[in-house]
Visitor: 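There's a structure below that I have some questions on.
So that the names make sense, note that chain A is the first sequence line, chain B the second, and so on, each numbered from 1.
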Protein chains: 2
Amino acid sequence: MNILEKITNELDTFSKSERKVAEVILSSPGTVIHASIAALAKQANISEPTVNRFCRRLDTKGYPDFKLHLAQSLANGTPYVNRHVDENDSAEEYTAKIFESTMANLELARKSLDTSTINRSVDLLTQANKISFFGLGASAVVAHDAQNKFFRFNVPVVYFDDILMQRMSAINSRQGDVVVVISHTGRTKSLVDVASLARENDATVIGITTAGTPLAKECNIVLSVEVAEDTDLYMPMASRIAQLTLIDCLATGFTLRRGTKFRDNLKKVKDSLRSSRFERKE
Amino acid sequence: MNILEKITNELDTFSKSERKVAEVILSSPGTVIHASIAALAKQANISEPTVNRFCRRLDTKGYPDFKLHLAQSLANGTPYVNRHVDENDSAEEYTAKIFESTMANLELARKSLDTSTINRSVDLLTQANKISFFGLGASAVVAHDAQNKFFRFNVPVVYFDDILMQRMSAINSRQGDVVVVISHTGRTKSLVDVASLARENDATVIGITTAGTPLAKECNIVLSVEVAEDTDLYMPMASRIAQLTLIDCLATGFTLRRGTKFRDNLKKVKDSLRSSRFERKE
DNA sequence: GTAAAATATGAAATAAATTTTCATATTTAC
DNA sequence: GTAAATATGAAAATTTATTTCATATTTTAC
């Protein structure tokens with residue numbers, strides 16, 4: 001296991017002094033790997049043997065070995081923690097924090113995703129007669145993006161971010177249609193309704209939402225995307241990025257399923273834009 | 001750069017003894033990170049100072065520091081690199097690859113971003129009488145998302161993904177208005193036109209695009225977001241995620257600039273949704 | 001609440017590992 | 001072939017980490 005996570009996990013089992021070390025390490029692991037045991041002890045205001053004991057408690061051979069593990073953890077990209085933006089952060093600070101927590105949450109989302117469900121969803125999407133993407137608010141953006149991707153595949157795709165259109169469209173759906181309903185909270189009443197209407201009309205409903213929510217219960221398949229609880233404070237941020245990346249996976253799965261010839265077609269779609277662009281002079 | 005690659009690259013510039021060390025390291029780097037300088041020297045049949053000099057030649061502070069770098073390189077078996085999806089990838093494989101390259105590109109984007117430009121953009125946005133977000137295709141999704149964020153701030157915000165509406169809106173702009181034009185390629189003719197129209201009408205134009213492109217040249221401020229060249233193969237993927245994260249930064253900067261009372265307001269906006277949702281039973 | 005036991009901590013001593021110094025060997029340039 | 005430059009290693013010096021042991025703190029048992 002990643003040693004930084006391990007430290008976080010075992011934080012309560014530490015003694016007072018050990019916690020001090022842990023905090024210094026967690027607050028700037030990148031500095032610690034270049035510090036001597038003496039420097040770290042001083043920074044944490046405890047003695048060197050305590051640092052040493054701390055290292056052994058975490059199943060490492062000693063301080064140098066601990067640093068090795070730490071270095072590896074850092075390399076593994078888990079310095080990306082969900083750090084919160086603070087009142088007095090400079091542009092540099094909040095930018096770093098936002099990018100980092102986005103990355104951290106993508107990592108989280110990836111771990112929580114069930115790839116066999118993705119696979120099943122791709123199955124359904126490739127066989128669909130019509131695909132609909134519905135979302136509201138921030139999730140409308142995700143649905144919008146999904147449309148932008150799937151329409152390239154030359155399948156009938158619709159996208160609505162209007163409750164009434166969604167309802168009408170859902171009522172008109174039939175066997176063989178796939179309806180993708182997107183909602184991070186999974187509690188938006190009208191979307192739950194739409195999902196249920198679509199199912200009543202024999203469409204297959206895929207939910208991109210949190211597991212166990214009212215929306216999830218109405219879906220045939222649930223693609224649940226987990227992000228840290230406290231990330232989306234006043235605005236959806238990490239959740240929609242994770243959803244969009246999931247859309248990328250579905251779209252990619254779709255193109256893979258369709259084979260080589262199909263991808264040539266994608267290139268044609270892309271090339272069709274050429275005349276609307278300025279040439280690249282190189 | 002990965003230190004193992006570096007060793008391989010510089011193999012011919014090494015002296016006879018140094019090459020011996022290099023070979024031992026390359027043949028079993030995993031063992032070396034747990035070996036002392038004495039053990040390594042013995043295994044390579046050379047003296048300890050030679051190992052030390054070898055480490056410094058590779059721009060590390062000394063042997064322990066070198067081991068740290070080596071440990072990180074090893075951990076980086078599959079770091080967040082831009083690994084490409086392959087014909088025969090399973091759902092599990094392509095999902096992992098897509099998430100990882102998204103993260104890798106966010107990292108890249110973060111490094112390329114100039115935070116002082118972000119700061120300046122936030123300045124302009126907070127002072128704007130009206131904010132417009134324009135984009136087409138995948139960038140329309142980003143503009144859509146930006147609208148979704150900024151309308152919460154109780155400032156006049158418009159978003160168009162229709163060329164004619166964008167033109168009309170640009171022509172109607174005036175001093176004090178901020179127009180944000182989004183295009184990854186920066187070569188979409190109609191958007192370049194829109195940017196130029198907006199400037200002619202005294203609006204301040206912020207471009208979220210690649211530096212040095214025709215669009216960039218028409219803008220007052222360019223927020224350039226760099227992603228790996230070969231990421232967006234047939235569909236925009238990493239580029240739009242990076243742009244969306246940048247939007248998060250701008251929105252966050254905006255709320256910070258406006259102070260505490262303003263953030264209470266955001267909470268009210270969020271709470272206003274409550275009646276449209278199912279209660280959370282906890 | 002108190003005493004005994006268990007646990008935690010740090011100062012100093014010890015041990016280990018790394019780096020520097022300097023003398024010697026090897027290579028390179030002419 | 002010789003002088004200069006470079007490379008190398010033995011030993012000393014230094015830095016760093018670990019162990020030992022005495023003391024302080026916390027927990028447990030009554």
Visitor: Check whether any side-chain heavy atom of A/T115 lies under 4.5 Å from a side-chain heavy atom of A/N119, and answer yes or no.
Guide: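 Not touching, per the 4.5 Å side-chain cut-off.
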Visitor: Quick check for you: to the nearest 0.5 Å, what is the distance between A/I241 atom CD1 and B/D248 atom CG?
Guide: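 Here the rounded value is 6.0 Å.
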Visitor: Would you compute the distance between atom CG of B/L256 and atom CG of A/D89 and round it to the nearest 0.5 angstrom?
Guide: 7.0 Å
Visitor: Quick one: B/F54 CZ to D/dT8 C1', roughly how many Å, whole number?
Guide: 15 Å
Visitor: Can you see if the side chain of B/R19 gets near the phosphate of D/dA7 - specifically, an N or O under 4.0 Å from OP1 or OP2?
Guide: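 No, because none of the side-chain N or O atoms of B/R19 sits under 4.0 Å from OP1 or OP2 of D/dA7.
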Visitor: Before accepting this row, confirm whether a basic side-chain N of the pair A/R110/A/E107 lies closer than 4.0 Å to the acidic partner's carboxylate O.
Guide: yes
Visitor: Below 4.0 angstrom, which residues in residues 60-68 of chain A have at least one non-hydrogen atom near DNA chain C?
Guide: none
Visitor: Would you please name every residue forming a side-chain contact (heavy atoms from CB on, under 4.5 Å) with A/A211, sequence neighbours left out?
Guide: A/S224
Visitor: Just grab all the side-chain hydrogen bond (donor to acceptor under 3.5 Å, both in side chains) pairs involving residues 36-47 of chain A, residues at least two apart or on different chains.
Guide: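 Output for this query lists A/S47-A/T50.
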Visitor: Would you say C/dT9 has OP1 or OP2 under 4.0 Å from some side-chain N or O of A/K20?
Guide: no
Visitor: Ignoring hydrogens and geometry, is there a side-chain-to-backbone donor-acceptor pair from B/K67 to B/A35 under 3.5 Å?
Guide: yes
Visitor: Looking at residues 31-45 of chain A, who's got a heavy atom less than 4.0 Å off DNA chain C?
Guide: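 Listed by number, there are none.
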Visitor: Any side-chain N or O of B/S15 under 4.0 Å from OP1/OP2 of D/dT8?
Guide: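 Affirmative; the distance criterion is met.
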Visitor: What protein N or O atoms touch nucleotides 11-13 of chain C N or O atoms at under 3.5 angstrom, if any, and at what distances?
Guide:
none

Visitor: Evaluate the side-chain proximity of A/T185 to A/T213: yes if any heavy-atom separation is below 4.5 Å, no if none is.
Guide: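 A/T213 vs A/T185: side chains apart.
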Visitor: Can you confirm whether A/V122 sits close enough to A/L250 that some side-chain heavy atom of one is under 4.5 Å from a side-chain heavy atom of the other?
Guide: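 Yes; the side chains approach each other to less than 4.5 Å.
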Visitor: Is any side-chain N or O of A/T50 closer than 4.0 Å to OP1 or OP2 of C/dG10?
Guide: yes
Visitor: I'd like to check the salt bridge (Lys or Arg N to Asp or Glu O under 4.0 Å) partners of B/R57; sequence neighbours left out, ordered by chain and number.
Guide: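 Result, salt bridge (Lys or Arg N to Asp or Glu O under 4.0 Å) vs B/R57: B/E18.
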Visitor: OP1 or OP2 of C/dT18 less than 4.0 angstrom from a side-chain nitrogen or oxygen of B/R56, does that happen here?
Guide: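 Result: no.
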Visitor: To the nearest angstrom, how far is B/N52 atom CG from C/dT20 atom P?
Guide: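 Taking atom P of C/dT20 as the reference, CG of B/N52 is at 6 Å.
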Visitor: So, taking the atom named CD1 in B/I221 and the one named OG1 in B/T117, what distance separates them when rounded to the nearest 0.5 Å?
Guide: 7.0 Å
